[in-house]
Amino acid sequence: MSALLQQRAPQKASSPTDPPKPRTSRGGGNGRPRRENLAAYGFLAPWFLGLVFITAGPLLASLYFSFTDYNLIGDHQWVGLENYERMLDDSRLHSALSVTFVYVFVSVPLQLALALALAMVLDRGVRGLALYRSVYYLPSLLGGSVAIAILWRQVFGAEGLINQLLAFFGVQGPGWVSHPDYALSTLIVLNVWTFGAPMVIFLAGLRQIPRMYYEAAAVDGAGPMHRFWHITVPMLTPIIFFNLVLQIINAFQTFTQAFIVSGGTGGPSDSTLFYTLYLYQRGFGAFDMGYASAMAWLLLMIIGGFTAVNFLASKYWVFYGD
Amino acid sequence: MATETKAPASTTERTRSERTRRLLIHVGLIGFGLIMLYPLLWMLSSSFKPTAEIFREPGLIPWSFTPGNYTEGWNALQYPFHHYLLNSAIVVAGAIIGNLIGCSMAAYAFARLEFRGKRLFFAIMLATIMLPIHVVIVPQYILFAQLDWINTFYPLIIPKLLATDGFFIFLMVQFIRGLPRDLDEAARIDGCGHVRIFCRIPLPLSMPALATTAIFTFIWTWNDFFSQLIFLTSPDMYTVPVALRTFVDSSSQTSWGPLFAMSVVALGPVFGFFLAGQRYLVKGIATTGIK
């Protein structure tokens, strides 16, 4: 071992204050970092290529295309703000926005409330926790698939499972997915159904709350409601915040379910025309790439805006203890 | 079930009420679980029912057992269903290999090496996790069209090899940071270069993170519809989700029996991976928080 150290000694000679420890001085500014630079850029080479051609590059390119008129055939023409001006008068875009907003702001709070409620029940040392957790988590893995969307289309169809069950009670249900007033709610139900993923995160968070807080509160005579609002909720706010940001971002990008349930149209009467579905129709149905790019940037602004507002607001309600 | 736990009467009042409370919790949890899973179970059972019965029978027992749905569904489209399964398998395998190679390389650099711009690049990498694919899909499509890659599997696999799933880089960075540095240092003193250190030490020690990456990549790519719908344009290249979608479109009078049968086939592998990889899945979500 000492022979090895001596072999290395010349390399480190430029920093005489360093005792010859078998640790490399990281970022010491003496020849060594340069070699690491090269090695690091080598390891990052695929990622750099991905950044240029798949993520950041296309992100900037789509900003450029949003100021052009381009249908894939022929050249793109610079049209300035025309695509953005068209958005102001596009009534389908407006319904896409309102459908998506309703979906996000109804389904995400419901989903998180259910996730938290079940996590709290499961956190009380229930026997068979792992089994329950798996069962509740399963829909999260399947929820985004075409097969589940197909199932939903049948279950909420005019003669689907729900209406068969309602018929037992003598109720004649409507065709949920084919009625403009109800179609969106079936997709909200689908999103709430996938509450398992945030539930698992809540469970992990609940584990972190020291038991002694509850014991101390119980000694002081605090009831269950009191303990929930004054211990569980404040201690869990970072996790609630995390889940909220994540699920809002996810919900804004919902596509598959709406596409399959409406057969790609966003119908009936645009009641399930999600933002991404309309973007797909403009970009890959009508090949109006300029307009689709402008829509993409509006989506980025909306998601970025909501995330930023969330982060700013978090200062007032998220409690980071030590 | 309810009668079973009422039996022991010799216990004190207190533990008895405690037991009843626990029993009620279990009854509630099981009942809720059944409601959650009922649509799935019903689809499985309905895939063995004649189509007419699917619309009459909300129960779980296929009274007139019809395995023919599977053979009918298998051959209902232009190609037999195993053609689409094979396509999906190729895409998924490519995506897994790509993610394992590309993301672990990037993760090693971020977790272990010092280089100029590290903080900036790391921040950019984290930001790309939140980048919706819909925002970059148009220029990607234009690029892949110019490379003549539309209707091939390249647009679905090459981006993975280029480590564009930042989520997995982050997962592996967290994991590698948790490994002791001593081994790396020892290997370095023994004269190993970075490539050998990477292949011999952090990579094999990161098996749990690699397994989590493989499982999530499998499930997400297998279920992915948006990019496969856009990049795969002719039926011989269709993957399972895109093929299922044409199934819905092709028949205005949808034959739900065969359609359900093929949906069950499509969900099968995900369910299998879920059973096999539960441990990694739960840990993966708990530590990083994405479904």
Side-chain angles (χ1 to χ4, degrees), chain A residues 4 8 22-23 26-27 33 36-37 39-40 43-44 46-47 49-50 53-55 58-59 61-62 65 121 126 132 134-136 138-142 144-147 150-151 154-155 159 161 164-165 197 200-201 204 242 246 249 253 255-256 260 276 279 283-284 289 292-293 296 299-300 303, chain B residues 25 29 33 36-37 39 42-43 55-56 58 102 105-106 108-109 113-116 121 124 128 130-132 134-140 142-143 145 159 161-164 185 188-190 194 219 223 225-226 230 241 244-245 248-249 256 259 263 266-267 270 274 278 282 285-286 289-291:
Chain A
L4 286 167
R8 276 186 49 79
R23 271 189 72 89
R26 295 190 288 117
E36 285 211 324
N37 266 346
F43 277 102
L44 282 175
W47 181 77
L49 284 174
F53 292 108
I54 310 294
T55 52
L59 180 66
S62 77
F65 283 121
V121 175
V126 175
Y132 287 123
S134 297
V135 166
Y136 295 151
L138 182 62
S140 290
L141 286 181
L142 308 178
S145 67
V146 170
I150 286 172
L151 171 66
Q154 203 288 340
V155 164
E159 296 166 79
L161 177 61
Q164 292 171 36
L165 294 171
V200 172
I201 302 171
F242 178 80
L246 213 67
I249 292 176
Q253 300 176 47
F255 173 80
T256 308
I260 296 296
T276 52
L279 193 156
F284 299 93
M289 293 299 185
S293 297
L299 179 68
L300 186 70
I303 293 180
Chain B
I25 288 180
L29 287 174
M36 293 261 313
L37 293 190
W42 184 76
M43 175 159 75
F55 287 96
R56 280 198 322 264
M105 283 173 66
Y108 177 71
L113 302 180
E114 292 303 322
F115 54 96
R116 187 179 288 186
F121 291 136
I124 292 176
T128 59
M130 298 297 178
L131 185 67
H134 315 92
V135 178
V136 291
I137 193 79
V138 167
Q140 275 187 14
I142 294 169
L143 173 73
L161 191 62
L162 299 183
T164 48
E185 304 293 354
R188 190 169 297 181
I189 291 160
D190 286 349
H194 288 292
I219 292 172
N223 282 342
F225 178 60
F226 185 72
I230 284 173
L244 272 182
R245 173 255 165 151
V248 185
D249 286 0
W256 285 97
L259 180 56
S263 298
L267 292 178
V270 177
F274 163 73
Q278 273 188 63
V282 169
I285 332 156
I290 303 190
K291 65 172 155 187

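Reminder, nothing fancy here: chain letters follow the sequence lines and each chain counts from 1.
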Go through A:Leu151, A:Thr256, A:Leu49 and name the one with the most non-hydrogen pairs under 4.5 angstrom from chain B.
A:Leu151

Closest approach of A:Ile303 to B:Pro132 (non-hydrogen atoms, all atoms of both residues):
CD1-CG, 3.8 Å

In terms of relative ring orientation, are A:Phe43 and B:His194 parallel, tilted or perpendicular, with 30° and 60° separating the classes?
perpendicular

Working note: B:Leu267 + A:Ser145, criterion side-chain contact (heavy atoms from CB on, under 4.5 Å); need CA distance, chi angles, decisive distance, verdict.
CA-CA 8 Å; B:Leu267 292 178; A:Ser145 67; 3.6 Å; yes

Is it the backbone or the side chain of B:Leu29 that comes under 4.5 Å from a heavy atom of chain A, or both, or neither?
both

Could you pull out the closest heavy-atom pair between A:Ser134 and B:Phe274, with the gap in Å?
O-CZ, 3.4 Å

Using modelled atom types and a 3.5 Å cut-off, is there a donor and acceptor pairing between side-chain atoms of A:Glu36 and backbone atoms of B:Leu113?
no

Heavy atoms of A:Trp47 and B:Ala163 approach each other most closely as CD1-O, 3.3 Å

Of all the heavy-atom pairs spanning A:Glu159 and B:Phe55, show the shortest one and how long it is.
O-CD2, 3.2 Å

Looking only at non-hydrogen atoms, find the nearest pair between A:Met289 and B:Val138 and report the distance.
SD-CG1, 3.6 Å

Checking A:Leu59 against chain B: side chain, backbone, both or neither under 4.5 Å from a heavy atom?
both

Among A:Thr55, A:Leu299, A:Val135, A:Ile150, the residue with the most heavy-atom pairs under 4.5 Å to chain B is A:Ile150

Sort A:Ile54 into side chain, backbone, both or neither according to what part of it lies under 4.5 angstrom from a heavy atom of chain B.
both

Okay, side chain of B:Asn223, backbone of A:Val146: is any donor-acceptor separation there less than 3.5 Å?
no

So for atom CZ, which belongs to A:Phe53, do other residues, nucleotides or ligands contribute more than 12 heavy atoms lying within a distance under 6.0 Å?
no

Return the option, out of A:Ala292, A:Gly283, A:Gly144, A:Ala147, with the maximum number of heavy-atom pairs under 4.5 Å with chain B.
A:Ala147

Best-contacting candidate, B:Ala145, B:Gly33, B:Ala266, B:Gly102, against chain A by heavy atom pairs under 4.5 angstrom:
B:Gly33

Quick check: do A:Gln164 and B:Arg56 have side-chain heavy atoms less than 4.5 Å from each other?
no

Could you tell me which non-hydrogen atom of A:Leu142 sits nearest to which non-hydrogen atom of B:Val270, and how far apart they are?
CD2-CG1, 3.5 Å

Between B:Val135, B:Leu37, B:Val136, which shows the greatest number of heavy-atom pairs under 4.5 Å with chain A?
B:Val135

Say you draw a straight line from NE2 of B:His134 to CG of A:Leu279; how long is it, rounded to the nearest 0.5 Å?
7.5 Å

Student check: side-chain heavy atoms of B:Met130 and A:Ile249 closer than 4.5 Å
yes

Contacting moiety of B:Phe226, where chain A heavy atoms sit under 4.5 Å
both

Heavy-atom contact with chain B under 4.5 Å, split by part of A:Phe255
side chain

